[in-house]
Amino acid sequence: MRTRFCPSPTGTVHVGVMRAALYNWAYARHTGGAFVVRIEDTDPARNTLESERHLLDCLRWLGLNWDEGPEIGGPHGPYRQSERSEVYRDVVARLLESGHAYESFSTPEEVNARRAAAGQDPKLGYDNADRTTTDAQRAAFLAEGREAVVRLRMPDADLTWHDHVRGEVRFAAGAVPDFVLVRGNGTPLYTLVNPVDDALMGITDVLRGEDLLSSTPRQLALYAALTDIGVAAGTPRFGHLPLVMGEGNKKLSKRDPQSNFDVYRDRGFLPEGLVNYLALLGWSIAEDRDVFSPEEMAAAFDVDSVNANAARFDLKKAEAINATHLRALPVDEFISRVAPYLAGAGLVADPPTAEQAATLEAIAPLAQERMIVLSDAVGLLGFLFAEDVEIDPAAADKQLGAGAGEVLDAASAALEALPEWTTPAIETALKEALVEGLGRKPRQAFGPVRVAVSGRTVSPPLYESMELLGRERTLGRLAAARGIATG
RNA sequence: GCCCCCAUCGUCUAGCGGUCCAGGACGCCGCCCUUUCAAGGCGGUAGCACGGGUUCGAACCCCGUUGGGGGCACCA
């Protein structure tokens, strides 16, 4: 099997597009085939090199390594369509020569006028009228300075195929007009270039979004022509993947912020977490299981079992899956992944100093199970790497109101006198002072202390955090919180 | 408007004629654990769009209806 991913390098990277890449990758890996990447940059107005680099970087980050394609080459290169003009020119010449394609001089206005004259809806589009253009007419058009587009002559037969995910699909003969392969200015269109390259690159299975389903009949016709002139060895199998939907009930569009792949990466989703979630959008590994590694996916993935329903992107579930992967990370691995986020926020040096590394190592196991994405560490652990802590106003409202002053005073007094600064000693002292001494319920006793020390209502376990913070900083923070406590 | 695709809990899904008064996960709600919040454990909530067939038997097959989605460029 040979599958491919052929993005157009424009703007941001879309999660739906990456899901398609993932399925292609997984299918190739599952079958022991090859995964080919090709850059479809035939629209110079919209394509940028920067965008291409970013796309490839996202693929690499997700772990979707390709066997042939940009940057690594391969036997069917070049893998960038902007570098394949001669190939297309040659194919078009042969298509024209064999009569599968023809020059078409009608302008869109003329087509519409003909439709209107016949009392038809102009939405019907091109009417195949130029199939019969004579040499004399052609010469006249050329003399007028007209440019011709090149169109494929569609066969007069139903077009059907067996789709990997949808089964038999059929389009009636005549449903698709002769479509344009080459612009008037001579540059080729996606409609030509995509099947030509798939043919030339030996792609056996085309897995792509359902939004391309209705362009399949055209491609089938082109493949037949290409096979006839010896460019293609046959027609690939197709599999049309369910669309990824957004919040509403519409295809997740590029304009939708949720569709931007970068935001997940930047927030600190793990590649394996995102792979896992994306895989679930239309496929399941087993009846009672939905957490798995990319390798497990590749081992189990089969396109024929992909679900045909459109799938809504559910951030909550994506986060839950990611959190599971995060917790499953070995601690040292977790530390090395989280450190860049802390460094990025200016909390630790890059790399962390010996002291910071020691703190990180001590707190990591406690922090790991409280996080969803890596960037959560910034808020959760920031208090350990700064002299002072900024208290979250909402947390202050909640915990530094009535009765907090008394708690903070008692905590300070108990901790000041502590002979040794260890987690068990802190625990004992605080419980004695607050729970027994003041008769507070644990949740009321420790809430204000937690906010004073960490600045938040959610933090790693309290006593351990205090030990790591040291007596001086802890007492300083209790005093600072006492200053703003209202009760 | 035309063509095509789709239809199981709020969401993602399992189910491919009987083993399903429909299983898992996220979410949500309880309870337990507990120093907060989480995490973890336990339990609960909620679904086969509708109508006809076919069949001894239908979530599964067929037809229709309704609903949703996608596509109809000299974009990709």
Side-chain angles (χ1 to χ4, degrees), chain A residues 6-10 40-43 45-47 81 104 107-108 120-126 147-151 163 165-167 169-172 175-177 179-191 193-194 209-217 240 242-243 245 249-251 277 280-291 305 307-321 323-324 327 366-372 376 380 395 398-399 427 430-431 434-435 440-451 454 456-463:
Chain A
C6 48
S8 185
T10 62
E40 306 229 325
D41 54 351
T42 54
D43 186 357
R46 302 199 303 154
N47 303 136
Q81 290 183 330
S104 168
T107 63
Q120 295 167 330
D121 186 345
K123 282 222 158 152
L124 258 22
Y126 174 66
E147 287 181 335
V149 298
V150 175
R151 293 182 185 272
D163 196 274
V165 347
R166 279 150 225 281
V169 181
R170 168 178 302 266
F171 283 76
V176 186
F179 60 99
V180 178
L181 300 171
V182 182
R183 293 184 179 94
N185 69 9
T187 58
L189 286 164
Y190 161 84
T191 50
V193 141
N194 177 277
E210 196 203 330
D211 49 344
L212 291 168
L213 183 89
S214 49
S215 72
T216 306
H240 288 90
L243 254 21
M245 313 291 271
N249 224 350
K250 287 270 176 279
K251 178 171 81 158
Y277 179 67
L280 256 16
L281 256 22
W283 180 74
S284 66
I285 195 166
E287 176 165 352
D288 54 359
R289 175 173 175 222
D290 61 10
V291 174
S305 61
N307 197 121
N309 310 354
R312 230 175 285 333
F313 190 94
D314 180 0
L315 185 59
K316 278 275 188 3
K317 177 132 182 179
E319 289 177 340
I321 296 282
T324 304
R327 270 176 242 121
L366 306 172
Q368 199 170 354
E369 65 188 26
R370 276 152 224 265
M371 290 169 41
I372 290 170
D376 288 344
L380 191 69
K398 222 172 172 176
Q399 295 291 355
E427 175 173 1
L430 284 181
K431 279 184 172 166
L434 307 181
V435 180
R440 296 298 179 106
K441 286 196 169 154
R443 70 186 295 139
Q444 292 162 339
F446 296 102
V449 177
R450 179 181 303 278
V451 171
S454 73
R456 311 183 144 224
T457 54
V458 181
S459 81
L462 187 55
Y463 316 126

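Below, each value reflects all heavy atoms present in this structure, side chains not excepted, and no hydrogens, waters or symmetry copies. What you see is a predicted model; the values in this text were computed from it and never measured.
For A/Y126 and B/A73, the OH to C1' distance is 15 Å, given to the nearest whole Å. Between the CG atom of A/L213 and the P atom of B/G70 there is a distance of 13 Å, given to the nearest Å. With rounding to whole Å, A/L430 atom CG is found 13 Å from B/U36 atom C1'. Spacing between atom CG of A/D314 and atom C1' of B/C9 amounts to 14 Å, rounded to whole angstrom units. In this entry the distance linking CD of A/Q444 with C1' of B/U34 reads 15 Å, nearest Å. Atom CG of A/D376 is separated from atom C1' of B/A39 by 14 Å (rounded to the nearest Å). One can place OH of A/Y277 at 12 Å from P of B/U11, the figure rounded to the nearest angstrom. Per the geometry, CD belonging to A/E147 stands 14 Å off P belonging to B/C74, to the nearest Å.
For the C1' atom pair drawn from B/G18 and B/A58, the interatomic distance equals 9 Å after rounding to whole Å. Taking the C1' atoms as reference points, B/C42 lies 48 Å from B/C4, given to the whole Å. Spacing between B/U34 and B/C29 at atom P, rounded to whole Å, works out to 23 Å. B/C75 and B/A49 are spaced 37 Å apart, taking the C1' atom of each and rounding to whole Å. With C1' as the reference atom, B/A22 and B/U65 are 25 Å apart, rounded to whole Å. B/A73 sits 37 Å from B/C50 when the P atoms are compared, rounded to a whole Å. B/C26 sits 25 Å from B/C21 when the P atoms are compared, rounded to a whole Å. Using P as the reference atom, B/C6 and B/C62 are 11 Å apart when rounded to the nearest Å.
The side chain of A/M245 lies closest to B/G69, out of B/G69, B/U13, B/A76. Between B/C37, B/A76, B/A39, one nucleotide has an atom nearer to the side chain of A/R183 than all others, and that is B/A76. Among the nucleotides B/C26, B/A76, B/C4, the one closest to any side-chain atom of A/A320 is B/C26. Of the candidates B/C26, B/U13, B/C6, B/C26 carries the atom nearest the A/K317 side chain, counting heavy atoms from C-beta on. Minimum atom distance to the side chain of A/E210 is reached by B/G69, of the listed B/A25, B/U35, B/G69. The side chain of A/N307 lies closest to B/A14, out of B/G27, B/A14, B/G24. Closest to the side chain of A/Y463, from the set B/G1, B/U35, B/G70, is B/U35. Listed nucleotides B/C5, B/A25, B/C12 differ in distance to A/D290; the shortest reach to its side chain belongs to B/A25. Between B/C5, B/G27, B/G70, one nucleotide has an atom nearer to the side chain of A/S214 than all others, and that is B/G70.
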Take A/F313 and A/Y277 through the ring-ring contact (aromatic ring centres under 6.0 Å, His included) test and state the conclusion after the steps.
CA-CA 9 Å; A/F313 190 94; A/Y277 179 67; 5.1 Å; yes
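Toward the 5' end of RNA chain B, the nearer of the two residues A/S284 and A/A172, judged by each one's closest nucleotide, is A/A172. When the nearest nucleotides of RNA chain B are assigned to A/K431 and A/A310 by heavy-atom distance, the more 5′-ward of the two goes with A/A310.
Nucleotide B/U11 is matched to B/A25 when pairs are restricted to Watson-Crick or G-U wobble geometry with both distances under 3.5 angstrom. In this structure B/A59 sits in no base pair that meets the Watson-Crick or G-U test at under 3.5 Å. The partner of B/C16 is absent, by the rule that a Watson-Crick or G-U pair needs both atom distances under 3.5 Å. A 3.5 Å limit on both hydrogen-bonding distances identifies B/G71 as the Watson-Crick or G-U partner of B/C2.
Taking side-chain N and O atoms only, A/K250 has a distance below 4.0 Å to OP1 or OP2 of B/G69. Contact annotation: A/R327 reaches the phosphate of B/G40 (side-chain N/O to OP1 or OP2, under 4.0 Å). Listed pair A/K251 / B/G71 meets the phosphate criterion, a side-chain N or O lying under 4.0 Å from OP1 or OP2. A close approach under 4.0 Å does occur between a side-chain nitrogen or oxygen of A/R443 and OP1 or OP2 of B/C37. OP1 and OP2 of B/C6 both lie 4.0 Å or more from every side-chain N or O belonging to A/N309.
Within the 4.0 angstrom heavy-atom criterion, no nucleotide atom of any strand lies near A/G209. If you check every strand for non-hydrogen atoms under 4.0 Å, A/T42 touches sugar and phosphate atoms only. Looking at heavy-atom distances under 4.0 Å, A/L462 makes contact with a base. Across all strands, A/L281 comes closer than 4.0 Å only to sugar-phosphate atoms, never to a base (heavy-atom distances). Within 4.0 Å of A/V180, counting heavy atoms only, lie sugar-phosphate atoms of the nucleic acid but no base atom. Nucleic acid contact class of A/R370 (heavy atoms, under 4.0 Å, all strands): base. A/K123 comes within 4.0 angstrom of a nucleotide base, judged by non-hydrogen atoms across all strands. Using a 4.0 Å heavy-atom cutoff across all strands shown, A/M371 reaches no nucleic acid atom at all. A/G184 comes within 4.0 angstrom of a nucleotide base, judged by non-hydrogen atoms across all strands.
Looking at A/R289, its side chain has no donor and acceptor atom pair within 3.5 Å of the base of B/U13. At a cut-off of 3.5 angstrom, counting only N and O atoms as typed in the model, there is a donor on one side and an acceptor on the other between the side-chain of A/R450 and the base of B/U35.
Evaluation of the side chain to side chain donor-acceptor pair (under 3.5 Å) rule for A/Y190 yields no partner, not counting sequence neighbours. The side chain to side chain donor-acceptor pair (under 3.5 Å) search around A/Q81 returns A/E40, A/D197, not counting sequence neighbours.
In this structure, A/V150 and A/S104 have side chains that are not in contact, with every pair of non-hydrogen atoms separated by 4.5 Å or more.
Here CG of A/L212 is found 8.0 Å from CG of A/N194. Values are rounded to the nearest 0.5 Å. Interatomic distance, A/K317 NZ to A/L281 CG, rounded to the nearest 0.5 Å: 10.0 Å.
Annotation: cation-pi geometry satisfied between A/R151 and A/Y126 (NZ/CZ under 6.0 angstrom from ring centroid, within 45° of ring axis).
No hydrogens or angles considered: a donor-acceptor pair under 3.5 Å links the side chains of A/T187 and A/R183. In this model, no donor atom of one side chain and acceptor atom of the other lie less than 3.5 Å apart for A/R46 and A/T10.
The number of heavy-atom neighbours closer than 6.0 Å to CZ of A/R456, taken from other residues, nucleotides and ligands shown, is 12 or below.
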